[in-house]
Amino acid sequence: MGKLGKKARKFAKKNLQSVLKRKRKLKSMFKKKSSRGEQDAADDQLQDETNLLNGRNLEGEDIEGTSLDSIFSEDDSDVAGDDSDSDGFLSEDSSCMYVPESENGNLLEDNGGGSALLVQNREIHLELAKKKKKLDRLKEKDPEFSKFLESYHKGLEELRNDENYSDEDEESDLNMQSMNEDSLNLKIAKLLTNSAIDSWCKIVGDQHSISALPSLLNGYRAACHYGTSSTSTLDAAASSYSIQNSETFCNILMFMLCEADNIFRGLLGISCSSCRKETILDLKNTAKWKSLKPMVKSYLRSTLFLLNQVTDSEILAFSLTRLRASIIFFTTFPSLLRRLIKIAVHLWATGGGTVSSCTFLIIQDVALIFSSDCFDTCLIKTYKAFIAHSKFVKPGFYKHIQFLRNSFVELCSLDVEKSSKKALVSMQQLAKILQQGLRTRKKEAIEKICSWQYTNCIDLWVMFISANISDNSLQHLLFMIIQIINGVAYLFPAPRYLPLRLKTIQWLNHLSSSSGVFIPVASLVLDTLEYKIGKESGQPGKAFNMSSAIKLPKHCLKSRKFQEECILSAIELLTVHFGQWSYHISFPELASIPLIRLRKFHEITIENLRHVVKRLIDQVEQNVEFVQKKRDEVAFSPNDQQSVESFLQLEKGGGGNAPFTQYYNSIMEKAASRSLLMNEKFPGSEKTRKMGKVHDKGERLEVN
């Protein structure tokens, strides 16, 4: 081989992998930040081109960078982008302000101008709150400005130290005086009593007057914020309400949650059955809506705050149900709508029981009522929540994961076209992770595939495709998910991965049944019967639940319980597979090879399960004879596709006269009872029910 030319040597000097590796190493020594600059991107591009020229494909070698929950981007700027700087407190009509005779009456008598000072003080505090919010936002946007303020404050402190002490004393006296005034204003806070609530409710409900509605909404806001440790001095001064007792607290909450929607609809002239956002948009520029808009917003904001604070599942479910009735009022408040979606998705994923069901109805209504952007937001957030909460599946939470899966599929079915695009992106990520595992066989890649997050993601899209397979646009997704499932089954053939292999076969059976496409699963099932497992005289072993496991411990493989589970599971899955095609004209050919392998396995299997295998063989042989006899009676050619598809369809629709049908029904009944017995041996449903009763405070969302 001759020497390289000048251009070749120059290209090798710039693009060889060792040179690029040394460049990146030197650059990492000087650049501490993780973000890559333009030169890094250029180096990576040259590296990719070199790898392609050398015939290497490094796509997927970065195992840690391949994540299932980071493939969709979303906008979480729902907190900073509020519609106004108001804290939710409404100005009240002085004619409807109820002041109790005790507690606060003597304070107002002593301070004749107390009410005027209170109003003036409130305006000052609101203005200060606005300025403080603007300053905080500016600090977040420009960290250098925040540093400048800190240095400026330090300079001021140094200058003040040089001034005379008399000025400091005067300033301290003024500060003490202002603090005393603030504490006095806080003491003037009105006490909410049952009589005050009843009088306001009577004015609003019976007299249909909105004069007392701001007072009710302010009281409702105080009740929703009751007991929160994050309440600041400005908020306390602005709310100027305190709750008398628990009965008053319950009265104000129950009245507002039960009647607020009816009151707003009655004042705006909207029927109770109207759920169209155009109804609110038509009223957007009217004087009636402009006068009620602050009140509607106050009610929605307070209710959202309540949802994020309350822990009792019954209060949560009731509040969600009542908020769902007022969902059309979120039309003119996009920031509150984003906040609603965020809280609803969180409660849907973590609430459990009735809370999750009520929250999903809100998510579904938002996706139906509002624009397509809201549907995409709901779809992405629910997908990420499902993936995040399916990393670990315990026996007690398996049913909750199934509920999340089924509800997500129902949400996707609202717009199959858009959902199929998201499904394609997610399945491409699944295929990429699988490709890494098949090519590299690294421990990290294998663990990522053999995980609950990966299997639950496959299960999610299997159910979506099966539920909407009638749509022709999902055919490419069907064949893609079949290839992914076959790849997973091929990657884990060992006996320890029996639960994962059973799941792959169940997915394929489900896809075949819903789509009508023949998927050869018999070989995958029969491979489980050929595992080299424990001897017949081995230990019985403990029972284990296949549905709540992916990989089994080694000590289970030597037990007779594992051997029995292999055989019974294989019988059930083969029965499902044969049952789908028991009336098809090609059933004799379909069953020929599985029958040969079953007869061979029958000779070497353990004695107590030999009769189960023999019964399956007999039933399949009887069905082969039944189909063969019916097939000999027909006169059409195998090329007549229409006649082939209509073969034995009358017998199939007439209740099932094939010998295999009755056997299939009996096996499915036994499988259901066996699954129920296994769930009783591994109780975990109590944890799921408790999760529905108490909502974890540690998982609250910071959205207020």
Side-chain angles (χ1 to χ4, degrees), residues 17 20-21 36 41 43-73 380 383-384 386-388 390-391 419-466 473-494 496-508 510-512 515 517 519-521 523-524 527 550-551:
Q17 297 177 12
L20 294 174
K21 185 177 181 181
R36 301 187 305 176
D43 291 342
D44 291 341
Q45 185 177 0
L46 290 174
Q47 176 72 25
D48 295 338
E49 293 175 356
T50 306
N51 292 329
L52 291 175
L53 289 173
N54 294 334
R56 292 187 60 196
N57 181 16
L58 296 183
E59 181 184 1
E61 288 192 3
D62 186 11
I63 299 172
E64 296 180 357
T66 309
S67 178
L68 289 173
D69 55 355
S70 62
I71 56 177
F72 299 124
S73 61
I380 292 173
Y383 171 80
K384 288 191 172 185
F386 174 82
I387 293 299
S390 61
K391 291 181 179 180
S419 302
S420 62
K421 295 178 182 178
K422 304 295 183 184
L424 178 61
V425 176
S426 178
M427 282 192 284
Q428 286 174 347
Q429 193 77 349
L430 291 172
K432 185 178 179 180
I433 296 173
L434 178 63
Q435 187 181 11
Q436 293 173 359
L438 291 172
R439 184 176 61 254
T440 63
R441 302 285 177 147
K442 291 183 178 180
K443 182 179 179 181
E444 295 83 0
I446 298 299
E447 289 178 350
K448 179 162 288 206
I449 299 172
C450 185
S451 64
W452 276 113
Q453 191 178 54
Y454 192 88
T455 55
N456 282 325
C457 189
I458 294 179
D459 186 50
L460 184 72
W461 298 124
V462 165
M463 294 303 166
F464 167 69
I465 295 172
S466 300
S473 62
L474 297 183
Q475 294 299 323
H476 65 292
L477 296 181
L478 172 65
F479 295 113
M480 181 183 291
I481 199 69
I482 290 174
Q483 290 178 346
I484 293 173
I485 295 171
N486 282 327
V488 173
Y490 170 77
L491 186 60
F492 300 100
R496 290 190 67 184
Y497 300 98
L498 175 65
L500 181 58
R501 173 163 284 240
L502 295 181
K503 291 180 188 299
T504 60
I505 299 170
Q506 291 171 357
W507 292 332
L508 294 175
H510 193 68
L511 290 170
S512 177
S515 64
V517 176
I519 303 175
V521 301
S523 60
L524 295 176
D527 288 344
I550 296 179
K551 182 179 178 181

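By the side-chain hydrogen bond (donor to acceptor under 3.5 Å, both in side chains) test, S523 is found to be paired with no residue, residues two or more places apart in sequence or in another chain being considered. Residues meeting the salt bridge (Lys or Arg N to Asp or Glu O under 4.0 Å) test with R496, sequence neighbours left out: none. Partners of T455 by side-chain contact (heavy atoms from CB on, under 4.5 Å), not counting sequence neighbours, listed by chain and number: W452, L500, W507, I550. For F492, the ring pair (Phe, Tyr, Trp, His ring centres under 6.0 Å) partners two or more places apart in sequence, or in a different chain, are Y497. Taking the side-chain hydrogen bond (donor to acceptor under 3.5 Å, both in side chains) definition, one finds that Y454 meets it with nothing, sequence neighbours left out. Not counting sequence neighbours, the partners of S426 by the side-chain hydrogen bond (donor to acceptor under 3.5 Å, both in side chains) test are Y383, W461. Under the side-chain contact (heavy atoms from CB on, under 4.5 Å) criterion, Q475 pairs with I469, L478, F479, sequence neighbours left out. Scored by the side-chain contact (heavy atoms from CB on, under 4.5 Å) test, S512 finds I519, Q580, W581 as partners (sequence neighbours excluded).
Between the NZ atom of K443 and the CD1 atom of I446 there is a distance of 11.5 Å, given to the nearest 0.5 Å.
When all heavy atoms of C450 and K551 are compared, the closest pair comes out as SG-CB, 4.4 Å. Taking every heavy atom of both residues into account, A431 and I484 meet most closely at N-CD1, 4.0 Å. P493 and R501 make their closest contact through CA-NH2, 3.8 Å (heavy atoms, listed as atom of the first residue, atom of the second, distance). The two residues H510 and V462 have their closest heavy-atom pair at CD2-CG1, 4.3 Å. Across all their heavy atoms, H476 and S473 have their closest contact at CE1-O, 2.6 Å.
Looking only at distances, a side-chain donor or acceptor of Q453 sits under 3.5 Å from a matching main-chain atom of I387.
Sequence neighbours left out, the pairs with a member in residues 454-463 that pass salt bridge (charged side-chain N to carboxylate O under 4.0 Å, His left out) are R405-D459.
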